[in-house]
Amino acid sequence: MARYTGPMTRKSRRLGVDLVGNDKAFERRPYPPGVHGRGRTKDSEYSQQLREKQKARLSYGVLEKQFRRYYQEADRAPGKTGELLLQILESRLDNVIYRAGLAQTRRQARQLVSHGHFQVNGKKVNIPSFRVTPHDIIDVAPKSLDLHPVVVARETFGEREVPAWLTVRPNRGRILVHQLPTREQITIDVQEQMIVELYSK
């Protein structure tokens, strides 16, 4: 699957939110890039909706075509479309590994999954967009337990809060998925209703 490989700090500055997590460059210059970055801009309703969509899409590392498919799936399902969309994004395997604290960023989590370092219910999975379901068990592959990022994650475990819908056993490199997250458990700073309004036009 294709992915965005460009500079994330520039995207973070444009959208006004840290898309990477602990991005020091963004903290130093949290205003939009370019010569007019500190000037005042009057946002239209469309630009606000587009910004929310881009924040969600880039935060989870999803390209436009895939993001639209997720939206269409959420729109067909019963319930609130915006909340279901975020739930779909949160249930991606790379995001679950990031949320569980076994990777420092979603990009790192994506690379670890792509290289076959994780198993789901005992079977190797190397697809970052793989969707977890309630009661899934995710393990670091036995051969990967001494991998540097995994060791660092074990040593720094507890520095980032693990959401209540997951249980993590860092010494074993195991994640237990209790349920899919509710909107209250999804901490991303996105107004999902604006995304629904954008796609509903």
Side-chain angles (χ1 to χ4, degrees), residues 1-4 8 17-23 55-63 66-67 69-71 73-74 77 79 82-145 147-190 192 195:
M1 178 61 70
R3 61 192 175 89
Y4 175 74
M8 286 300 291
V17 62
D18 184 359
L19 299 170
V20 179
N22 298 319
D23 187 345
K55 275 163 52 174
R57 190 175 69 75
L58 290 166
S59 291
Y60 290 100
V62 177
L63 294 184
Q66 190 176 25
F67 191 85
R69 281 205 305 270
Y70 286 155
Y71 172 80
E73 179 184 342
E83 292 184 12
L84 290 170
L85 173 62
L86 292 182
Q87 190 179 76
I88 289 170
L89 292 165
E90 281 285 311
S91 65
R92 285 171 52 101
L93 180 58
D94 55 356
N95 179 75
V96 171
I97 289 164
Y98 166 71
R99 289 286 190 214
L102 296 186
Q104 298 300 309
T105 64
R106 285 190 184 89
R107 278 188 166 186
Q108 186 183 61
R110 183 187 185 105
Q111 185 179 53
L112 290 171
V113 174
S114 297
H115 290 183
H117 295 303
F118 283 91
Q119 299 174 343
V120 179
N121 300 326
K123 294 182 180 179
K124 184 174 86 169
V125 176
N126 59 3
I127 303 169
S129 60
F130 177 90
R131 302 256 291 281
V132 303
T133 56
H135 313 302
D136 276 352
I137 299 173
I138 303 162
D139 288 302
V140 176
K143 64 180 178 61
S144 306
L145 283 169
L147 206 65
H148 178 69
V150 177
V151 172
V152 170
R154 275 202 303 267
E155 291 174 349
T156 59
F157 184 79
E159 293 181 5
R160 198 166 69 226
E161 187 177 349
V162 176
W165 56 285
L166 301 173
T167 294
V168 184
R169 296 174 181 167
N171 292 334
R172 294 181 61 182
R174 171 166 286 187
I175 306 167
L176 308 174
V177 182
H178 299 302
Q179 62 181 52
L180 294 182
T182 62
R183 180 63 185 95
E184 291 72 27
Q185 294 171 321
I186 300 173
T187 56
I188 186 170
D189 180 21
V190 168
E192 66 274 12
I195 302 173

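None of the values given here were measured: they were computed from a predicted structure.
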Is there a side-chain contact between L89 and N95 in this structure, where contact means two heavy atoms from C-beta onward sitting under 4.5 Å apart?
no
One should read off an interatomic distance between I88 CD1 and Y60 OH, to the nearest 0.5 angstrom, of 11.5 Å
With sequence neighbours left out, the residues meeting side chain to side chain donor-acceptor pair (under 3.5 Å) with E73 are R131
Minimum side-chain heavy-atom gap F118-V140 below 4.5 Å:
yes
Extract all donor-acceptor atom pairs below 3.5 Å that involve side chains of residues 159-172 and protein atoms in other chains or at least two apart in sequence.
unit_1: R160; atom_1: NH2; unit_2: Y98; atom_2: O; d: 2.1
unit_1: R160; atom_1: NH2; unit_2: A103; atom_2: O; d: 3.1
unit_1: T167; atom_1: OG1; unit_2: H178; atom_2: NE2; d: 2.3

Can you find a heavy atom in the side chain of P128 that is under 4.5 Å from one in the side chain of R92?
yes
Contact check, side chains of L102 and V150, non-hydrogen atoms, under 4.5 Å
no
Going by heavy atoms in the side chains, are V113 and I127 under 4.5 Å from each other?
no
For the backbone of Q104 and the side chain of Q108, can you confirm whether one donor and one acceptor N or O come within less than 3.5 Å of each other?
yes
What is the minimum heavy-atom distance between S91 and L180, and which atoms define it?
CB-CD2, 3.9 Å
Is there side-chain contact between L112 and L147, with at least one heavy-atom pair below 4.5 Å?
yes
Using only atom types and a distance under 3.5 Å, with no angle test, would you say the side chain of R154 pairs donor to acceptor with the backbone of G173?
no
Under the side chain to side chain contact (heavy atoms under 4.5 Å, CB included) test against V120, which residue among I137, D139, D136, V177 passes?
D136
Using only atom types and a distance under 3.5 Å, with no angle test, would you say the side chain of E155 pairs donor to acceptor with the backbone of V152?
no
When rounded to the nearest 0.5 Å, the distance separating CD of E90 from CD of Q87 is 9.5 Å
CG-OG distance between L93 and S114, expressed to the nearest 0.5 angstrom:
9.5 Å
I186 side chain near E83 side chain, heavy-atom distance below 4.5 Å:
no
Using every non-hydrogen atom in the two residues, find where L145 and V151 come nearest and quote the distance to one decimal.
O-CG2, 3.9 Å
Restricting to non-hydrogen atoms, name the atom on R183 and the atom on V190 that form the minimum distance, rounded to 0.1 Å.
NH2-O, 3.2 Å
Using every non-hydrogen atom in the two residues, find where A56 and I188 come nearest and quote the distance to one decimal.
CA-CD1, 4.4 Å
When every non-hydrogen atom of A100 is compared with those of I175, the smallest separation belongs to CB-CD1, 3.5 Å
Taking all heavy atoms of P142 and all of Q119, pick out the closest pair and write down the distance.
CD-NE2, 3.8 Å
Output all residues satisfying ring pair (Phe, Tyr, Trp, His ring centres under 6.0 Å) with F67, sequence neighbours left out; order by chain, then residue number.
none
Kindly compute the distance separating OG1 (T105) from CD (Q111), expressed to the nearest 0.5 Å.
9.0 Å
Nearest 0.5 Å please: distance from the NE2 atom of H117 over to the CD1 atom of I97.
10.5 Å
